[in-house]
Amino acid sequence: MPAITHHIPDAMIAAYAAGNLSHAFSMVVASHLSFCRECQAALGAHQSAGGALLEQSERASISGDLKANVMALLDAPVTPEPVYDATGIYPGPVMQALKGGAPRWKTLGMGVRQSILFEGDGGSARLLYIPAGQAVPDHTHNGLELTLVLQGSFSDETGRFAAGDVEIGDEDLEHTPVADAGDPCICLAATDAPLRFNAFMPRLLQPLFRI
């Protein structure tokens, strides 16, 4: 895998370490961690800091057993080794969501496909398959979107994102991601609110595609 240049923000890693991220966002963060040693180190630092706070706190009114259990979790390995399917691109958290099987792709048109992994009150997570040269319709965001590239790459108004890279999209980002030449781009994307498409047809089909 090429060098990763777009990482999970440190504040989000801290929230992940504290267990304060939604399931959908945690899936993206955990998947990125399975590739990225830099973010693994950042997670380890936050876990160590949390452990130190527990040890130093004289006000904590938790039982010895509970404290021991928490400390055991903090001392656990930073992240498990990634688990790969036959194509070698899906990390452990994705394979867990797929229950060890293959994605169930549903067409979105123009060769673009998706496989929804999770939907809940906290948001949704899905795999996206985008053929080389194909664009995702121009859109902005009603909330936050995390997009982790698993295969290939895509480019938009902010730059290029290759395997292992994460793009963070919010209400201020309007973009048109386009899959680069080469392998189809496969991404893991998580959102906490529906996207906001600019063109009429994507808006019309949005409820059907649950994006």
Side-chain angles (χ1 to χ4, degrees), residues 1-51 54 69-105 114-130 141 143-154 161-170 177 185-193 211:
M1 177 177 292
I4 296 172
T5 57
H6 300 278
H7 300 271
I8 300 292
D10 189 66
M12 188 168 287
I13 293 178
Y16 175 79
N20 292 331
L21 282 186
S22 69
H23 178 69
F25 288 160
S26 292
M27 190 184 302
V28 176
V29 172
S31 295
H32 175 78
L33 286 166
S34 71
F35 299 128
C36 182
R37 294 190 180 278
E38 181 175 327
C39 290
Q40 289 175 18
L43 175 62
H46 285 295
Q47 290 176 323
S48 296
L54 281 176
N69 291 338
V70 172
M71 292 303 299
L73 289 173
L74 291 171
D75 289 337
V78 170
T79 183
E81 288 297 317
V83 178
Y84 298 97
D85 74 343
T87 65
I89 63 170
Y90 299 121
V94 173
M95 288 304 299
Q96 183 176 13
L98 291 170
K99 301 186 186 315
R104 296 183 177 181
W105 296 112
Q114 74 169 356
S115 177
I116 298 176
L117 302 177
F118 169 81
E119 284 184 303
D121 293 339
S124 64
R126 70 196 67 229
L127 293 171
L128 292 171
Y129 175 103
I130 310 169
H141 309 83
L144 195 64
E145 179 182 37
L146 273 62
T147 304
L148 169 66
V149 180
L150 301 177
Q151 174 186 283
S153 63
F154 73 85
F161 297 83
D165 286 333
V166 178
E167 182 174 45
I168 311 294
D170 58 18
C185 183
I186 298 179
C187 299
L188 170 64
T191 56
D192 60 3
I211 300 176

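Everything numeric in this text was worked out from a predicted model, so none of it was measured.
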Applying side chain to side chain contact (heavy atoms under 4.5 Å, CB included) to H6 and not counting sequence neighbours gives F161, D165

CD1 of I130 to CD of Q151, rounded to nearest 0.5 Å, is 11.5 Å

In terms of heavy-atom contacts, L127 and W105 come closest through O-CZ3, 3.6 Å

Spell out, as yes or no, whether a donor-acceptor pair under 3.5 Å connects the side chain of Q40 to the backbone of L33. yes

Shortest non-hydrogen pair, I4 vs A163, comes out as CG1-O, 4.2 Å

Hits for side chain to side chain donor-acceptor pair (under 3.5 Å) against Q96, two or more places apart or cross-chain, chain-then-number order -> none

Across all chains, not counting sequence neighbours, the salt bridge (charged side-chain N to carboxylate O under 4.0 Å, His left out) partners of E38 are none

Is Y90 close to P103 at the side-chain level, that is, under 4.5 Å between some pair of heavy atoms?
yes

S22 meets the side chain to side chain donor-acceptor pair (under 3.5 Å) criterion, sequence neighbours left out, with none

In terms of heavy-atom contacts, S115 and R104 come closest through OG-N, 3.3 Å

dist I168:CD1 -> L148:CG (nearest 0.5 Å) comes out at 9.5 Å

Sequence neighbours excluded, the answer for side chain to side chain contact (heavy atoms under 4.5 Å, CB included) partners of H23 is M27, F118

Heavy atoms of S31 and L188 approach each other most closely as OG-CD2, 3.6 Å

Hey, does I8 have a side-chain heavy atom less than 4.5 Å from the side chain of L43?
no

Hits for side chain to side chain contact (heavy atoms under 4.5 Å, CB included) against A14, two or more places apart or cross-chain, chain-then-number order -> H46

Sorted by chain and number, sequence neighbours left out, side chain to side chain contact (heavy atoms under 4.5 Å, CB included) with T147 holds for E145, F154, C187, A189

Between A190 and F25 the two heavy atoms that sit nearest each other are O-CE2, 3.5 Å

Residue set satisfying side chain to side chain donor-acceptor pair (under 3.5 Å) with S153, at least two apart, ordered chain then number -> R160, D180

- Message: Within the 4.5 Å heavy-atom criterion, are M12 and L144 side-chain neighbours or not?
- Response: yes

